[in-house]
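Worksheet for the structure shown next.
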There are 2 protein chains.
Amino acid sequence: MPPARPPHPPVSSIDVARLAGVSQSAVSRAFSPGASVSPKMRAKVLEAAAALGYRPSVIPRIMLSGRSRMIGIVVGGLDNPFYAAVLDHFATALQTRGLQTLMMRVPHALSLDGALDQLAGYRVDAVVTALAVGSRQAASALSALRIPIVCFNSRLTAPWISTIRSNNRAAGRLAAELLADRGVRRAAWLAGPADSAAARERGRGFADGLAARGLLPPIVLAADDSYDGGYAAMGALMHREPPPAGLFCSNDLMACGAIDALRARGLSVPGDVLVAGYDNIPQAAWHGYDLTTFDQQAEQMAAAALELLDDPATATGGQSRTIPARLIERGSTSGLIT
Amino acid sequence: MPPARPPHPPVSSIDVARLAGVSQSAVSRAFSPGASVSPKMRAKVLEAAAALGYRPSVIPRIMLSGRSRMIGIVVGGLDNPFYAAVLDHFATALQTRGLQTLMMRVPHALSLDGALDQLAGYRVDAVVTALAVGSRQAASALSALRIPIVCFNSRLTAPWISTIRSNNRAAGRLAAELLADRGVRRAAWLAGPADSAAARERGRGFADGLAARGLLPPIVLAADDSYDGGYAAMGALMHREPPPAGLFCSNDLMACGAIDALRARGLSVPGDVLVAGYDNIPQAAWHGYDLTTFDQQAEQMAAAALELLDDPATATGGQSRTIPARLIERGSTSGLIT
DNA sequence: TTGTATGCGTTATCAC
DNA sequence: GTGATAACGCATACAA
């Protein structure tokens, strides 16, 4: 028994050739832009193709060329608008170049290699991920697949693995200086989950910046990487002690939660507390938050990733590009405390 | 000259067979779960495969089986958290079943057929889209592709095209009743873009519900389908006349904008104006908005779509399923106006 | 310009 | 349990 075919098999070039009374290669040529076909032949083929509803399959092309024109993208949850924006920009950029987006959603950073195994089976030309590659051991497993991989905001580079990063540490320093300039003497750092290297760098930069101004180290709050996490952490802090005058959050989602927690306790932002975040998600610009933040410029990150992948010399990995985060100053840090 | 191959061709089963000194079919069997291979043979093959970094390609399997195990999903912009959530749930559901997500992002609903042409070339097993199929003419073009298509919130069904809908009209009525029960005598409807059939139904239901209570028809505000659209439309209304006591918005994003516009004018929600939205995006639950809304239950919509596609009898289209929207009552409609 | 033949990497069938 | 072989749909080198 032959392998089970789908109930409605797609029309093949042979079907079209039969109907048009020509060879199968003629059909192929009629659909190939630069091929040598007489206009008459092309017309005959296209007519038969239209009658049957024929679409050339790219699958055999993948076998012949060894390139699928599909790029795998691995994301960890689109409930954070920043990741949704990254995916959005990336898919748009890929389509402009005639590439497809094979998307995988993974629950944890740990499942990255499992996802990559599957993507490798589909022979994706490259993989882009917002997830960090945790260990050097995981990296060598990925290197073994010999598929170009670009990570956003991961420190690590390796054969076949490149990195696009935001200048997290400098941004953290800048946040500290901004708050200090506004008169903040006592600041807090709302840290994300411990496994994010990028968030750690932002926190370190923030502490550096405070120290450079002769201020005390920040109160460090650990929280879940979400609106609720920011809300809960800020609420918990205020049970114990008076809130600091300045708050820097490892992302905007947490910052929005923190702001709402402060306001729920009757405090004003920026009247009583200045707040800054990171990512510049759309909600940061909403009038209810008007949040000062750092724009990671997702569009440029996507462009940089494709640039790395386009060039055979850099596609084999080991590259690192830094896209500077731009400070977006808004109302949440405009209150002047003196 | 043979066709240009990529600089680093993937390892094939023949390479593994050569290294292990076995036949190529033995390699295939070693990687097929239920095949008859001796443990010794399997071990030998797996060792050689690991040494070379071999991953079986699914591309030839697609050619033989006629099924790619890829589902195309066409979305129109992830800046709306609702669409991001739909995509998120869908990708998760697909992965649970071992299916891949081939994502396409299209600028306008008009480009749906262009996107489908490309997806057809990749021989996706089905297509799911949150975009509405505009005309019956467009539908017949899609039907010709003979690929199962599931549309969210489109009215139209056709051969190969099924629909998963929210009970928009009933929800609109319910919104009207809720506001009327709270003492609203004069209400407004913040309509989305004209091309959304779902939004139109919500508005019609809202008008129906107001009429059933003997109230005047709603003030209709046309706006862009976004936060800024809601903000601008609400702001413009207040330039002309006093705001209505109740507002129903065709989606949450616009509702958030409208709330911020009201507050920017010194009005309170829900103190002065009651507001309800649609979609139950995460931001609706944020404490700053606390927005009453209708949950479209994206997870169930995704499940229903897969159920339609799983059954060969329903995969060929013409089906319609309704997932009831659940009213989520929050603080934005809690003010009692008497 | 057009037709014929070959190969891409895998699975299924058949003979051993 | 194992190896040889056909087939999937298309693009290409070559022959006509």
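Each chain gets a letter, A, B and so on, in the order the sequences are listed, and its residues count up from 1.
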Checklist entry - Hey, does A:M70 have a side-chain heavy atom less than 4.5 Å from the side chain of B:L102? => result yes

Checklist entry - Side-chain donor-acceptor pair under 3.5 Å between A:S68 and A:R123, yes or no? => result no

Item to check | Touch class at under 4.0 angstrom, heavy-atom based, for B:R42 against every strand present | outcome: nothing

Checklist entry - Counting only side-chain N and O atoms of A:Y54, is one of them less than 4.0 Å from OP1 or OP2 of D:dC10? => result yes

Checklist entry - Looking for any heavy atom pair under 4.0 Å, which part of the strands does B:V58 touch: base, sugar-phosphate only, or nothing? => result nothing

Item to check | DNA chain D contacts among residues 23-30 of chain B, heavy-atom distance under 4.0 Å | outcome: B:S23, B:S25, B:A26, B:R29

Next on the checklist: What is the separation between atom CG on A:L52 and atom C1' on D:dG9, rounded to the nearest whole Å?
Outcome noted: 15 Å

Checklist entry - According to a strict under-4.0 Å criterion, is A:R123 in side-chain N/O contact with OP1 or OP2 of C:dT10? => result yes

Checklist entry - Does A:A26 offer a backbone N or O that forms a donor-acceptor pair with the side chain of A:S23 under 3.5 Å? => result yes

Checklist entry - Taking CZ from B:R67 and P from C:dT11, how many angstroms apart are they, rounded to a whole number? => result 17 Å

Item to check | Heavy-atom check, side chain of B:E307 versus side chain of B:V150, under 4.5 Å | outcome: no

Checklist entry - Are any of the side-chain heavy atoms of A:I323 and A:I164 separated by less than 4.5 Å? => result yes

Checklist entry - In whole angstrom, what separates B:R69's CZ from C:dT10's C1'? => result 16 Å

Checklist entry - A:R55 has an atom CZ; how far is it from atom C1' of D:dC10, in whole Å? => result 15 Å

Next on the checklist: In whole Å, I'd like the distance from the OH atom of B:Y122 to the C1' atom of D:dG9.
Outcome noted: 15 Å

Checklist outcome for this item: Atom CE of B:M63 and atom C1' of C:dG7 are separated, to the nearest Å, by 11 Å

Item to check | Short side-chain N/O contact to D:dG1 OP1/OP2 from B:S36, under 4.0 Å | outcome: yes

Checklist entry - Would a 4.5 Å heavy-atom cut-off, applied to side chains only, mark B:R29 and B:S25 as touching? => result yes

Next on the checklist: Heavy atoms only, 4.0 Å cut-off, all strands: where does B:F31 land among base, sugar-phosphate and nothing?
Outcome noted: nothing

Next on the checklist: Under 4.0 Å, counting only non-hydrogen atoms across every strand here, what does B:P10 touch: a base, just sugar-phosphate, or nothing?
Outcome noted: nothing

Item to check | Distance, nearest 0.5 Å, that separates CG of A:L119 from CG of A:D125 | outcome: 11.5 Å

Checklist entry - Atom CG of A:L64 to atom P of C:dG9: distance rounded to whole Å? => result 9 Å

Checklist entry - Distance check: side-chain N/O of A:R61 vs OP1/OP2 of D:dC10, anything under 4.0 Å? => result no

Next on the checklist: Using whole Å, what does the distance between atom C1' of nucleotide C:dT2 and atom CE of A:M41 come to?
Outcome noted: 6 Å

